[in-house]
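Here's the structure we're looking at; comments come further down.
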Amino acid sequence: MIAARSLLARPWVIWAVCVLVYVPSVLASLRGLGGPAGSADVLVPGASVGSQFVAAATFSVLQLAAAVGAAVLLLLGPSWRCDPVSDRAGRLGLRWTDGRALILGGRAGATAGYVAILAGAAFVSAVVLGAVHLTGRPTAGGSIPDPLLLAGDYLMSVSAGIGEELLLLAIPYVLATRAGWKPWAVIALLTGLRLSIHLYYGAGSLFVVLWIPAAYLLYRATGSIAPLMVGHIVYDLLATTIQRSPALHTTALILLAGLSVVGSALLAGSAARYLSVGRPARPPLAGG
């Protein structure tokens, strides 16, 4: 009992234990390096539709349980004894507000901005590499015709948006900054964590190097992880629909493009406003 309480008093230990849920993803990502780009995204190649759905649902539940468990232990456990629960929630970005309100449009603006960051990073890396398919998931001949497989992919999209943003961004960000890490070291940690489960994209994993520093800045600006979780879910659902469902391909593509444009405009406006506020006022002209 004493040993368990001692472990629960160490935030890094709580996070490290919960993040072990990604070990199978890391192993699959490494195995995917030897195959076609994106191949590790197929959970059980050649298996039955039912078993693939069960695998997707199982991993989704484990991912969500680990993320929620880590957040609860950090909020309610003895890891930060002197801090009120409300302060812990704010530090983890778990207050459902727009944080420091630096993003035009508040939560909705930050969400659209995160969709733009994800789409922009994927698009830029694809252009640089000269092959759009390198940054996409395998299409298995253009689509996955079975609705159950599509449902499994949608479950993975939702769990990734919540689990990855909590376990691979918010919590390590908070722990590292609390420990006095420099911004470059925090960004390196967050980028390495996300790269570890996206290596199967091959050269296309360049998009992670563009995506995570921008996510870091957005999280710092908003002080809330909610827009990043929702934005990640929306992007994954739309990207999955574009690549898996021919019937909804065009609609999802238009929605993704529209959100990306709006999000880019809001982020650009937010940055311009921030820079203008930060500039010292000019002294009045003599005689004016």
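The distance from the CG atom of Leu195 to the CG atom of Leu206 is 9.5 Å, given to the nearest 0.5 Å. The structure places CD1 of Ile171 at 9.0 Å from CG of Leu73, a figure rounded to the nearest 0.5 Å. Rounding to the nearest 0.5 Å places CG of Leu150 at 7.5 Å from OG1 of Thr240. Here the CG atom belonging to Leu148 is positioned 11.5 Å from the CG atom belonging to Asp153, to the nearest 0.5 angstrom. Rounding to the nearest 0.5 Å places CG of Leu255 at 11.5 Å from CG of Leu237. Annotation: the span from Ile225 atom CD1 to Leu166 atom CG amounts to 6.5 Å, rounded to 0.5 Å.
The two residues Arg244 and Pro246 have their closest heavy-atom pair at O-CD, 3.4 Å. Considering all non-hydrogen atoms of both residues, Cys18 and Ala66 come closest at O-CB, 3.5 Å. What you find for Leu266 and Gly109 is that their closest heavy atoms are CD1-CA, 3.5 Å. When every heavy atom of Ser260 is checked against every heavy atom of Ala119, the shortest pair comes out as OG-CB, 3.4 Å. The two residues Ser205 and His198 make their nearest non-hydrogen contact at CB-O, 3.6 Å.
A 4.5 Å side-chain heavy-atom check between Ser157 and Ile233 finds every atom pair outside the cut-off. Looking only at side-chain heavy atoms (C-beta outward), Val230 and Arg107 stay at 4.5 Å or farther from each other. Side-chain contact between Thr251 and Thr241 is absent, with no heavy atoms from C-beta onward closer than 4.5 Å. Under the 4.5 Å side-chain criterion, counting only non-hydrogen atoms from C-beta, Gln63 is not in contact with Leu167. Val174 is not listed as a side-chain neighbour of Leu74, based on a closest heavy-atom distance of 4.5 Å or more. His232 has its side chain within reach of Asp236: a pair of non-hydrogen atoms, C-beta onward, lies under 4.5 Å apart. Within the 4.5 Å cutoff, the side chain of Phe207 has no heavy atoms near those of the Val124 side chain.
Cluster annotation: Leu168 is not connected to Val61 through the hydrophobic network of ILVMFWY side chains, with a link wherever side-chain heavy atoms come within less than 4.5 Å. Grouping the Ile, Leu, Val, Met, Phe, Trp and Tyr side chains by contacts below 4.5 angstrom, directly or via other members, places Ile212 with Val19. Taken together through direct or relayed side-chain contacts under 4.5 Å among Ile, Leu, Val, Met, Phe, Trp and Tyr, Val261 and Val115 form parts of separate hydrophobic clusters. One hydrophobic cluster, built from ILVMFWY side chains closer than 4.5 Å, cannot hold both Leu248 and Leu238; they sit in different ones. Under the 4.5 Å side-chain heavy-atom criterion for ILVMFWY residues, no single connected hydrophobic cluster contains both Leu62 and Val54.
Not counting sequence neighbours, Ser25 has no partner by the side-chain hydrogen bond (donor to acceptor under 3.5 Å, both in side chains) test. Listed by chain and number, the residues in a side-chain contact (heavy atoms from CB on, under 4.5 Å) with Pro172 are Trp15, Leu189, Leu190, Leu193 (sequence neighbours excluded). Ile254 pairs by the side-chain contact (heavy atoms from CB on, under 4.5 Å) definition with Thr250, not counting sequence neighbours.
The closest donor-acceptor contact from the side chain of Ser29 to the backbone of Leu199 lies under 3.5 Å. Judged by distance alone, the side chain of Ser270 and the main-chain N or O of Leu104 form a donor-acceptor pair under 3.5 Å. Thr191 contributes a side-chain N or O that, together with a main-chain N or O of Ile187, makes up a donor-acceptor pair within less than 3.5 Å.
The aromatic ring centroids of Tyr235 and Tyr114 lie 6.0 Å or more from each other.
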